[in-house]
Amino acid sequence: MECVILAAGEGKRMRPLTAKRPKVMLPIANRPMMEHLVVAAREAGVTDFVFVVGYGEREIRRHFGDGTSLGIHIEYATQRQQRGTADAVGAARNHITRPFLVLNGDMILKKEDIAALCRKKPSCMCTTTTDHAQDYGVVMVGNGHITSLEEKSRRPKSNLINAGAYLFSPDIFDLIDAVRPSPRGELELTDALAVLVARKQLYSHPLTYWMDVGHPWDLLEANTSFLEHIPSTNEGIIEDGVTLKNTVSVGEGSVIKAGTYIEGPCTIGKNCRIGPHAYIRGATSIGDDCHIGHCSELKNSIIMTGTKIPHFNYVGDSVVGSACNFGAGTKIANLRHDHANVRVCGKDTRRKKFGAVIGDGVQFGINCSVNVGTMIGSEAQFAPNTLIEGCIGEKTIIR
């Protein structure tokens, strides 16, 4: 079975985290989110992949290469301009010789569901249910066939949605060739699917598990899910006086200094310095080359490569980009006093606890306070004692 993974988009809803990397390369449990999908497909028996790349393609090619490290074969197709999902699938046509899967690169699937999809008859669309169907394409099903497709609607007809996973025959490319730009100027895959719906040739395949990683706060849910299954490993140095509870993974070259207390599940990358006397709580991922220092506390967060959180800091329920530096005493709030859902730039996170989304290269002075639900653009700089809240643009300087 051949598998096309759509990975060309920037992921604008993930800004500022995608300012310097494609969305599919954002880390979950210290691995790019797309790698989790690729591994699930491999474990379902798929060995031949086509990655449709565009924005930030160099990082994807550098990480995955030809697939040898994962025991698979990868070819690349480039979508030079992001002209829609039909155009993205069409970019893979020269690599396809038989029925093939198409998977959106920004979702999490189980290997069992992918294996079951491989056994189906083309053409097939995976479906799932959600309590916020207005954010997705809604479908109606009858006698195992998709009977209608409805793009995002304020009043969806059902809670059954298009999950973004398909099984096609090469005939789909003829339908894609006939697609014309939509009102928003894109070539929509749903327009090609509508022809199959009219012919009663598009089958429904319900998934048992599906997770869409569409917003920065969704990374935390996915991170928690994957950390529940990591093994405890230690390739670094753990000094006397360190306490490790539950599952903790420590990468090569990392040092956990005396007095540090870590409650898993937690994964720590390579060449990190943790402690002394740091407190790291569950569902936290720390990337390579990070420093979590004296009396700093982390909880349920993703910390990307090269970030320093060195003295008397608190970071809870947050996503922090790479190469950031926290001045001593800088803390992030993560709970509203009224216990209402946290909103970020007007968007409901559907979470009672959420701290901040912080882009790459952000620099905090000492004793900064970051209010709940804050989003900070890449390379912003803040003077000591600054109260930071709301939506802060990239390269903002507050003196």
Side-chain angles (χ1 to χ4, degrees), residues 17 26-30 216-217 219-228 230 232 236 238-239 242-251 254-335 342 351-360 362-364 366-374 376 388:
L17 303 175
L26 289 171
I28 296 172
N30 278 356
W217 42 91
L219 290 167
L220 295 184
E221 182 180 356
N223 191 60
T224 298
S225 177
F226 277 102
L227 287 180
E228 291 174 353
I230 66 168
S232 287
I238 298 178
E239 295 182 351
V242 172
T243 300
L244 304 180
K245 293 285 188 180
N246 304 316
T247 303
V248 178
S249 173
V250 179
S254 290
V255 178
I256 316 299
K257 294 182 174 292
T260 295
Y261 196 106
I262 303 177
E263 297 173 349
C266 172
T267 182
I268 297 168
K270 298 178 181 179
N271 302 316
C272 294
R273 290 181 295 139
I274 311 296
H277 305 289
Y279 180 25
I280 300 175
R281 297 161 63 186
T284 294
S285 294
I286 300 169
D288 297 343
D289 302 307
C290 289
H291 178 203
I292 313 300
H294 177 65
C295 290
S296 289
E297 178 180 347
L298 273 58
K299 174 246 179 187
N300 190 36
S301 293
I302 295 173
I303 312 299
M304 298 187 199
T305 300
T307 283
K308 316 300 181 187
I309 307 176
H311 328 278
F312 299 97
N313 306 115
Y314 175 74
V315 176
D317 302 274
S318 297
V319 182
V320 181
S322 62
C324 295
N325 188 76
F326 284 61
T330 290
K331 298 174 175 65
I332 300 175
N334 61 338
L335 178 67
V342 175
R351 298 177 63 94
K352 300 296 183 184
K353 287 189 175 182
F354 186 75
V357 181
I358 299 174
D360 299 329
V362 174
Q363 308 293 309
F364 298 98
I366 62 170
N367 297 322
C368 290
S369 297
V370 182
N371 206 358
V372 59
T374 296
I376 301 174
I388 305 165

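Listed here is the closest heavy atom pair of Gly293 and Ala278: O-CB, 3.6 Å. A pairwise comparison of heavy atoms in Ser254 and Gly269 identifies OG-O, 2.5 Å as the closest pair. Taking all atoms of both residues into account, the shortest heavy-atom contact from Gly287 to Cys272 is O-SG, 3.0 Å. Closest approach of Ala356 and Val370 over heavy atoms only: CB-CG1, 4.0 Å. Across all non-hydrogen atoms, the minimal contact from Gly316 to Ser301 is C-OG, 3.6 Å. Shown here for Gly373 and Val342, the closest heavy-atom pair between the two residues is CA-CG1, 3.6 Å.
Panel note: side chain Ser296, backbone Ile309; a donor-acceptor pair is recorded below 3.5 Å. Using a distance-only test at 3.5 Å, with no hydrogens or angles considered, no donor-acceptor pair links the side chain of Asn334 to the main chain of Val315. Checked by atom type and distance alone, the side chain of Thr224 pairs as donor or acceptor with a backbone atom of Leu220 at under 3.5 Å. Between the side chain of Ser249 and the main chain of Ser232, no donor-acceptor pair closer than 3.5 Å is present. In this structure, Asn371 contributes its side chain and Ile388 its backbone to no donor-acceptor pair below 3.5 Å. Judged by distance alone, the side chain of Thr307 and the main-chain N or O of Gly321 form a donor-acceptor pair under 3.5 Å.
In this structure, the separation between OG on Ser285 and CD1 on Ile230 is 7.0 Å, given to the nearest 0.5 Å. The structure places CD1 of Ile238 at 6.0 Å from CD1 of Ile256, a figure rounded to the nearest 0.5 Å. Atoms NZ and SG, on Lys245 and Cys266 in that order, are 15.0 Å from each other to the nearest 0.5 Å. The CG atom of Asn223 lies 11.5 Å from the CG atom of Leu26; values are rounded to the nearest 0.5 Å. Atoms OG and CD1, from Ser318 and Ile302 in turn, are 10.5 Å apart once rounded to the nearest 0.5 Å. The distance from the CD1 atom of Ile280 to the CD1 atom of Ile274 is 4.5 Å, given to the nearest 0.5 Å.
Pairs passing the side-chain hydrogen bond (donor to acceptor under 3.5 Å, both in side chains) check and including a residue from residues 256-273, sequence neighbours excluded, read Glu263-Tyr279, Arg273-His291. Screening residues 279-293 for salt bridge (Lys or Arg N to Asp or Glu O under 4.0 Å) gives Arg281-Glu297 as the qualifying pairs, with residues at least two apart or on separate chains. Note on residues 296-322: pairs passing ring-ring contact (aromatic ring centres under 6.0 Å, His included), not counting sequence neighbours, are His294-Phe312. Sorted by first then second residue, the salt bridge (Lys or Arg N to Asp or Glu O under 4.0 Å) pairs that include residues 307-317, not counting sequence neighbours, are Lys299-Asp317, Asp317-Arg351.
Remark: Thr247 engages no residue in a side chain to side chain donor-acceptor pair (under 3.5 Å) (not counting sequence neighbours). For Lys353, there are no salt bridge (Lys or Arg N to Asp or Glu O under 4.0 Å) partners, not counting sequence neighbours.
Counting only heavy atoms from C-beta outward, the side chains of Phe326 and Val320 approach each other to under 4.5 Å. Here the side chains of Asn313 and Phe364 are not in contact, with every heavy-atom distance at 4.5 Å or above.
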